[in-house]
Structures are given as structure tokens and as C-alpha cells.
Number of protein chains: 2
Amino acid sequence: MSKSGSPVAVADRNAAACCAPLAQSRIPKEAVSGLSQAFKALGDPIRLQLMSMIASADGGEICVCDLTPAFEISGTTISHHLKVLKESGLVTAERRASWVYYRARPDLMRQLSALLDPDA
Amino acid sequence: MSKSGSPVAVADRNAAACCAPLAQSRIPKEAVSGLSQAFKALGDPIRLQLMSMIASADGGEICVCDLTPAFEISGTTISHHLKVLKESGLVTAERRASWVYYRARPDLMRQLSALLDPDA
DNA sequence: AAACGGTTTCGACGAATGTCGAACTCGATC
DNA sequence: GATCGAGTTCGACATTCGTCGAAACCGTTT
């Protein structure tokens with residue numbers, strides 16, 4: 001675990017602070033990969049709705065058991081989409097008893113928001 | 001052109017005003033498709049860099065001839081990516097003389113930014 | 001400890017995506 | 001009006017992605 005590579009998870013790298021608004025200056029080359037990964041995660045209709053449900057959930061978290069029945073696709077596919085969101089750094093997951101709860105990561109959301117703000 | 005369907009282009013639909021911040025309430029079902037399309041457009045490293053160059057360009061616009069040499073991929077692929085950005089509503093294109101100039105659409109950028117703002 | 005319910009992982013499949021070269025379009029210039 | 005240069009469209013191809021069912025995992029309950 002002392003290798004020169006990245007011991008931190010992709011999600012953590014993505015959550016790192018970064019970047020002036022798009023309208024002001026070009027994105028640093030090193031930040032492109034992580035940021036585009038986050039946008040890609042939001043670039044699917046199901047995942048965008050999942051993110052919406054998670055971010056607006058009462059108490060800041062929501063159970064997978066409340067997410068799954070809101071869609072007409074299989075539970076395995078929901079699980080797959082949640083994994084994509086998690087790996088992009090947009091959400092975290094915590095298991096409590098039999099259930100898994102997801103939370104939004106406001107830090108990365110704030111970054112993406114600031115990046116796109118044309119009035120900044 | 002009087003059919004009940006949508007006479008307006010996809011890009012125009014996407015540019016329509018919409019949606020409270022994610023952290024406040026769920027995205028209306030009708031808005032999901034257009035919004036996820038915009039995020040998907042930003043979800044590719046090349047396109048995110050293109051968007052960055054366009055949005056931060058001096059005078060608010062930039063020529064394709066200035067975009068292409070910044071990448072190591074073919075001109076046809078750049079053209080394809082610009083088309084995706086245009087169809088998502090994030091940019092507009094205008095031909096003047098031999099050259100084509102791209103501009104960012106601040107209205108849609110502002111929408112996406114507001115949607116992701118966790119502090120709104 | 002056996003059985004159960006919620007969730008994730010695995011393996012597979014068709015559809016969508018990123019890339020390229022060749023051919024085409026549109027203005028400008030000779 | 002023939003040619004040239006900038007940019008787009010067209011086919012084609014390999015890769016990635018979204019989806020599913022089956023199997024595995026992990027707490028809980030009996």
C-alpha cells in the first residue's frame with residue numbers, strides 16, 4: 001500500500017476540490033477524467049432519478065428498498081447504477097442491519113455546480 | 001409541422017427552464033430525459049474539454065480550427081463530439097465564411113448548475 | 001444452524017458509443 | 001467554373017454500456 005499509484009479510491013479522488021468555472025478558464029488536464037466520470041454517472045435517466053431521490057431524501061439518506069420499487073427495472077440493475085454513482089464519488093453507501101442506505105456527497109455536487117455556473 | 005409532436009429541436013427543449021435543486025425535490029419525470037442528455041454530453045473527457053474551451057473562449061466563441069489541433073484525435077471525431085454537444089443544447093454553431101464558430105449556451109449551463117447546487 | 005429477505009456480484013447478451021478513413025458540402029479564391 | 005480548404009456526414013469496426021437471471025453474500029429471525 002505504499003506503491004506510487006493511488007492508494008485512494010476513485011471516489012475520493014473525484015471528491016477532491018478543484019477547478020474554476022468553465023466560463024472562466026479551461027479545466028486542468030488532470031481533473032478532466034474525474035469530472036467527466038461524474039457527469040457520465042449523471043448522464044443516464046435512471047441514475048439521474050436515483051441521484052435526485054437520494055439528494056432530496058428526508059434525513060439525507062434513503063434505503064435501497066425505497067429506491068428499487070420506484071422503477072420498473074430489476075433490482076440488479078438498480079444496484080449496478082448505484083455502484084456507478086458510488087464509484088463516481090457522487091454518493092456513499094452504508095449498511096445498517098439488513099438494509100443499505102445511500103447519501104449524496106455535497107462536496108462533489110458543489111464542485112460540479114460551480115464548474116457549470118456561467119455567472120460565477 | 002403542425003403535428004402534435006414536438007416541432008422544436010431537442011436542443012431547444014433542453015434549453016427550457018426547469019427544475020428545483022436536486023437536494024430539494026425530485027426531478028420532474030418529463031425533465032429527466034433532456035437533463036440526463038446534457039450530463040451525458042459532458043460525460044466524455046474530450047467533450048468536457050471541448051465545452052471548457054468553448055465556454056472560456058475570448059469573445060464567447062471559438063473556431064473549430066482552434067479546437068481540433070488541441071487534441072490528438074481526428075477531425076471527424078471532433079466534429080462528432082461537437083454535434084453531440086450541440087444536440088444536447090449546450091452549445092450553438094454558426095458558420096461564417098469558411099469557418100464554424102461554437103458558443104456556449106449559458107441558460108442551460110445555469111440550469112444544470114442550479115440543479116446540482118447543494119446549498120441552494 | 002437452518003431458513004429467509006435485502007442487496008451485490010457474476011456471466012451473458014444486444015444496443016449504444018467512440019473512433020477512423022472516405023466521400024461529401026459549402027464558401028472562397030484563382 | 002475548377003480548385004482548394006474547412007468542416008460535416010457516411011459506413012464500418014471494436015469497445016463500452018444497460019439490462020437481465022442465477023448465484024453469492026450478509027444480517028436477522030426462527
**Message:** Using whole Å, what does the distance between atom C1' of nucleotide D:dG7 and atom CG of B:Leu82 come to?
**Reply:** 10 Å
**Prompt:** Roughly how far, to the nearest 0.5 Å, is CG of B:Asp44 from CG of B:Leu50?
**Reply:** 8.5 Å
**Prompt:** Counting N and O atoms only, with roles assigned by atom type, does the side chain of B:Arg47 sit under 3.5 Å from a partner on the main chain of B:Ala41, one being a donor and the other an acceptor?
**Reply:** yes
**Asked** How close or far is atom P of D:dT8 from atom CG of B:Leu50, stated in whole angstroms?
**Response** 11 Å
**Message:** Between A:Leu116 and A:Leu22, is the side chain to side chain contact (heavy atoms under 4.5 Å, CB included) condition met? List the steps.
**Reply:** CA-CA 6 Å; A:Leu116 293 174; A:Leu22 272 192; 4.0 Å; yes
**Prompt:** Which part of the nucleic acid does B:Tyr102 contact within heavy-atom distance under 4.0 Å: base, sugar-phosphate only, or nothing?
**Reply:** sugar-phosphate
**Asked** Nearest-Å distance, NZ (A:Lys86) to P (C:dT9)?
**Response** 6 Å
**All salt bridge (Lys or Arg N to Asp or Glu O under 4.0 Å) counterparts of A:Arg110, not counting sequence neighbours** = B:Asp119
**Message:** Let's see if you can work this out: which of C:dT8, C:dT19, D:dC20 has an atom nearest to the side-chain heavy atoms of A:Val100?
**Reply:** C:dT8
**Asked** Within the structure, does a side-chain N or O atom of B:Ser79 lie under 4.0 Å from either OP1 or OP2 of D:dG7?
**Response** no
**Fill in**
A:Glu72 atom CD is separated from D:dC20 atom C1', nearest whole Å, by 15 Å
**Prompt:** Stepwise, does the side chain to side chain contact (heavy atoms under 4.5 Å, CB included) test hold for A:Val84 with A:Leu90?
**Reply:** CA-CA 9 Å; A:Val84 173; A:Leu90 282 164; over 6 Å; no
**Fill in**
Ordered by number, residues from residues 64-71 of chain A within less than 4.0 Å of DNA chain C (heavy atoms) are A:Val64, A:Cys65
**Asked** Hey, does the side chain of B:His80 come within less than 4.0 Å of C:dC20's phosphate (OP1/OP2), counting only N and O?
**Response** no
**Asked** Can you tell me how far C1' of C:dA15 sits from CG of A:Asp44, to the nearest Å?
**Response** 13 Å
**Item:** OP1 or OP2 of D:dC17 under 4.0 Å from side-chain N/O of A:Lys40
**Value:** yes
**Message:** How many whole angstroms separate atom CH2 of A:Trp99 from atom P of C:dC4?
**Reply:** 17 Å
**Request:** Apply side-chain hydrogen bond (donor to acceptor under 3.5 Å, both in side chains) to the pair B:Thr77 and B:Ser74, showing each step before the final yes or no.
**Result:** CA-CA 5 Å; B:Thr77 301; B:Ser74 70; 3.1 Å; yes
**Request:** Determine yes or no for a side-chain-to-main-chain donor-acceptor pair under 3.5 angstrom, with A:Ser52 supplying the side chain and B:Ile27 the backbone.
**Result:** yes
**Message:** How many whole angstroms separate atom NE2 of B:His81 from atom C1' of D:dT9?
**Reply:** 15 Å
**Prompt:** Please give, in whole Å, the distance from D:dC10 P to B:Lys83 NZ?
**Reply:** 7 Å
**Prompt:** For the side chain of B:Gln37 and the backbone of A:Gly43, is there at least one donor-acceptor N/O pair under 3.5 Å apart?
**Reply:** no
**Request:** Could you encode protein contacts along nucleotides 21-30 of chain C as a string, one character per nucleotide from 5' to 3', using B for base contact, S for sugar-phosphate-only contact and - for no contact, with a heavy-atom cut-off of under 4.0 Å?
**Result:** BB---BSS--
**Full working for side-chain hydrogen bond (donor to acceptor under 3.5 Å, both in side chains) between A:Ser56 and B:Ser25** = CA-CA 5 Å; A:Ser56 66; B:Ser25 59; over 6 Å; no
